[in-house]
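Notes follow the structure.
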Amino acid sequence: MAFEKTLEKTRNIGFAAHIDAGKTTTTERILYYTGKVHRMGEVHDGDATMDWMPLEMERGITITSAATTCHWKDHRINIIDTPGHVDFTVEVERSLRVLDGVCIIFCAVGGVQPQSETVWRQASTYNIPRLAFVNKMDRIGADFHDVLHEMRKRLGAEAVAVQLPIGREEEHRGLVDLIEQKAWQFSEDKDDPPQEIEIPEKMRDLVSAFREHLVVSLADINPDLEEKFFAGEDPTPEEMWQTIREATIACELVPVLCGSSLSNRGIQPLIDAIVHCLPAPTDVPPVVAVHPETGEEETRAPDPAEPFSALAFKVAVDPFVGHITYIRCYSGSVAVGDRVLNADNGQTQRIQRLLRMHANRREEIEEIGPGDIVAAVGLDDTTTGDTLCAQNAPIVLERMVFPEPVISMVIEPKSQVDEDRVGQALNRLTQEDPTPRLEVADETGQQLISGMGELHLEVIVDRLKREFDVEVNTGQPRVAYRETIRSATDGEGRFVKQTGGRGQYGHVVLQLEPIDPEMRLEYEDESKGDEIPQEFKGAVEAGVEEAMGAGTLGGYPAVGIRCTVTGGSFHEVDSSDVAFKVAASLAFQRAFEAGAPVLLEPVMAAEVITPEQYFGDVVNDLTTRRAQIVEVKASTGDTRVIELRVPLANMFGYATALRSLTQGRATYTMEPDSYQPVPQEQQQELLR
């Protein structure tokens, strides 16, 4: 079947930002002005199109990323709206993995906030072109120029304004286009088109200065514009847009726009900028993959003639359709009824249905090709991160790496009926979200669920009740501690057992050294063949891996270890895999115990925004929580911004405490930062 579509006029983009910056509201306006919806939903009213889950409607936040498609000036725009809360950062991570460009939204009052930095780092990891939209220009305390400065300082972004706001706070009414040198005013009526007006007299010097800065920035990138600049010629808008597009796609420039989504200001120019600046699938390099058998590197270009390749980036359970898999097609095409290979597990599966999603609504389609982001039915054995490809041209795309959970809590079914269903329900939820971990505590036999934060765990429990009718009791969340060593040490393990017949013999000598806890384990085997035969080396490594699962202090997983096997011995008759595995585990435990072991705790990077009058009380409370204040900054009005690092164990219930201290006027956000040693006094308390 011929695949007919103009790839050059396709945009795969996402919206990402700090919580409450206005991502979902902006997406809602774009859907309205592109004709995708005929009524604007509002987050605060619980009827936003992209926040369709009951939990999202109630809490007024985005929990799961939602996909949709709209059209603007002959271009098709595939949009993914992502969560802003750090507990759901995995949703952002896997969405960015399959997008070609991203619009990062900043609050004109809050500026660059902690999750803004996280999103920026994630986009940088995947080298994704970005444009920025400074939202909420009509809010008290809005300052476009401050946000621009913070983007350059805190994010290291080559942020260049292509618009300037006309007025701010309650006086905000429009914007000046620095490229076209036109001013636009937006009506109170959402259906009235923007009206072109004269550039306000008091802004002309500012507009001239910012336009000159824009032209100079573009001249530094484009030699042709540089020649024009030195010749005193003004570049045409077409030349400027082309240079901005090329520089944005090359991640050399970040165009910055402004407006107010809630008041319907600046949305149409934003959609124009998405089309102008962000890449089509043909503008990004071919994806790099490896052959699953040979390991040789291969590429796939966004061409319908290439073999089919796609990445499964999200799994969900639709109440009407069942198991659906969101996929991004990178090359080739596939139709309903075709069989595809899952290169990660070697299974072939039949595409039963293809759906173009609009939040929780579906449109049946028959075929997809390069650049398409759709949901497929029939891929029940496919999980997040799997590669789908043509059976005769297997490749494996780079897998996504997700952060480890940092908080756990006990979860127990309320009744026998619930006990039978809780495992199945949790398995369904962990299929959708790969970050939660479900395990049974060795010491107590209690079932533990681990997640990215308190809100993350709250949502999981709420979904168990709403979607699966499973009632559970929960216990105090537990922190995911780790163990490591502080000094290099040697260990020897010998497992000898005689039973009258053939016995068991294994002997391993190894050395442990501390490394960065982020690295977990570096393993090397320097033993000789006459010390440990080749056939037992795998068992030695397995023994070390098993021992890493429980340190010698409190049984927490070990991290930050370089393990070097230096020697050992064997018996020609009695040696076995089991014996060497046990010997390696014993050697590791003895070396670990002699290496000055220490507990590590997850430390969070947090930001507290509080009115000046409560500053002292807030700082005193943070001090009791073992917080380290990194920086205190003045913000808008009488508010102070406190940046800090604080152990996660001391932040349970902090939202309630902060509300109580500040009469509900302060806010805070936090995200995982690192693992740090637990002070000796606290360590002794934990290990009692």
Side-chain angles (χ1 to χ4, degrees), residues 290-297 343-347 394 396 398-399 401 404 439-440 442 482-598 600:
V290 296
H291 193 283
E293 295 177 1
T294 66
E296 293 183 2
E297 191 173 284
D344 289 273
N345 61 25
Q347 296 186 15
V396 177
E398 181 183 0
R399 288 193 70 87
V401 178
E404 290 293 315
E439 58 187 350
V440 176
D442 294 333
R482 300 287 184 261
E483 296 184 26
T484 192
I485 56 174
R486 288 174 287 190
S487 60
T489 180
D490 297 317
E492 182 176 6
R494 193 186 299 270
F495 181 65
V496 182
K497 187 175 182 182
Q498 294 297 330
T499 58
R502 179 177 175 178
Q504 297 283 359
Y505 183 92
H507 175 216
V508 175
V509 180
L510 50 76
Q511 182 183 68
L512 301 185
E513 297 172 80
I515 58 174
D516 186 340
E518 296 291 326
M519 300 296 290
R520 187 178 175 270
L521 173 66
E522 287 184 1
Y523 180 84
E524 294 181 20
D525 190 338
E526 295 181 355
S527 63
K528 299 175 183 176
D530 59 352
E531 296 172 328
I532 301 177
Q534 186 65 40
E535 62 262 33
F536 299 129
K537 288 183 180 291
V540 173
E541 185 172 359
V544 170
E545 278 286 351
E546 185 175 286
M548 285 285 291
T552 59
L553 284 175
Y556 299 106
V559 295
I561 303 292
R562 178 182 289 115
C563 176
T564 306
V565 178
T566 57
S569 62
F570 73 102
H571 188 282
E572 290 186 358
V573 176
D574 291 347
S575 287
S576 66
D577 281 346
V578 171
F580 270 102
K581 183 177 179 182
V582 174
S585 182
L586 288 171
F588 183 94
Q589 290 170 2
R590 289 167 182 165
F592 195 92
E593 196 165 2
V598 63
L600 300 176

**Report entry** Partners passing side chain to side chain donor-acceptor pair (under 3.5 Å) against Asp525 (at least two apart in sequence or in another chain)
**Finding:** Ser527, Lys537

Requested in this report: List in chain and number order the residues that pass side chain to side chain contact (heavy atoms under 4.5 Å, CB included) with Glu541, two or more places apart in sequence or in another chain; answer none if no residue qualifies.
Outcome: Tyr523

Query raised in the report: What's the shortest heavy-atom distance between Arg486 and Ala596, and which atoms?
Result: NE-O, 3.0 Å

Report task. Could you tell me which residues satisfy salt bridge (charged side-chain N to carboxylate O under 4.0 Å, His left out) with Glu513, sequence neighbours excluded, listed by chain and number? Result -> none

**Report entry** Approximate separation, where rounding is to 0.5 Å, of Gln504 CD and Phe580 CZ
**Finding:** 11.0 Å

Report task. Evaluate the criterion side chain to side chain contact (heavy atoms under 4.5 Å, CB included) for residue pair Ile485 and Val598; output intermediate values, then yes/no. Result -> CA-CA 6 Å; Ile485 56 174; Val598 63; over 6 Å; no

Report task. Report the distance from atom OH of Tyr556 to atom OG1 of Thr484, rounding to the nearest 0.5 Å. Result -> 15.5 Å

Query raised in the report: With a 4.5 Å limit on heavy-atom distance, are the side chains of Asp344 and Val396 in contact?
Result: yes

Query raised in the report: Roughly how far, to the nearest 0.5 Å, is the CG atom of Asp516 from the CD atom of Glu518?
Result: 5.5 Å

Give every donor-acceptor pair under 3.5 Å between a side-chain atom in residues 557-567 and any protein atom, sequence neighbours left out.
from	atom 1	to	atom 2	distance (Å)
Arg562	NE	Glu522	OE1	3.0
Arg562	NH2	Glu522	OE1	3.0
Thr566	OG1	Val509	O	3.3

Requested in this report: Would you name the heavy atoms of Gly493 and Ala587 that are closest together and state the gap between them?
Outcome: N-CB, 3.3 Å

**Report entry** Residues in salt bridge (charged side-chain N to carboxylate O under 4.0 Å, His left out) contact with Arg494, at least two apart in sequence or another chain
**Finding:** Glu492

Report summary line: Sorted by chain and residue number, the side chain to side chain contact (heavy atoms under 4.5 Å, CB included) partners of Pro597 (sequence neighbours excluded) come out as Thr552, Leu553, Phe592

Query - Heavy-atom donor-acceptor pair, Asp574 side chain to Gly503 backbone, under 3.5 Å - result: yes

Report summary line: Residues passing the salt bridge (charged side-chain N to carboxylate O under 4.0 Å, His left out) test with Glu398, sequence neighbours excluded, are none

Query - Donor on one side chain, acceptor on other, Tyr505 and Ser569, under 3.5 Å - result: yes

Report task. Kindly write out the residues that satisfy side chain to side chain contact (heavy atoms under 4.5 Å, CB included) with Asp490, not counting sequence neighbours, or none if the list is empty. Result -> Gln511

Report summary line: Sorted by chain and number, sequence neighbours left out, salt bridge (charged side-chain N to carboxylate O under 4.0 Å, His left out) with Glu531 holds for none

Report summary line: All heavy atoms of Ala488 vs all of Pro514, minimum pair found to be N-CD, 3.8 Å

Query raised in the report: Sequence neighbours excluded, which residues qualify as ring pair (Phe, Tyr, Trp, His ring centres under 6.0 Å) partners of Phe570?
Result: none

Report summary line: residues 542-551 vs salt bridge (Lys or Arg N to Asp or Glu O under 4.0 Å), sequence neighbours excluded, gives Arg520-Glu545, Glu546-Lys581

Requested in this report: Please list, chain by chain and in numerical order, all residues satisfying ring pair (Phe, Tyr, Trp, His ring centres under 6.0 Å) with Phe495, sequence neighbours excluded.
Outcome: none

Report summary line: Correct closest heavy-atom pair for Ala547 and Ser585 would be CB-OG, 3.8 Å

Query raised in the report: Pro292 and Pro394: which non-hydrogen atoms are nearest, and at how many Å?
Result: CD-O, 3.4 Å

Query raised in the report: Distance-only, no hydrogens or angles: does the Glu483 side chain make a donor-acceptor pair with backbone N or O of Gly555 under 3.5 Å?
Result: yes

Query raised in the report: Which heavy-atom pair separates Ala583 from Gly506 by the least distance, and what is that distance?
Result: CB-O, 3.5 Å

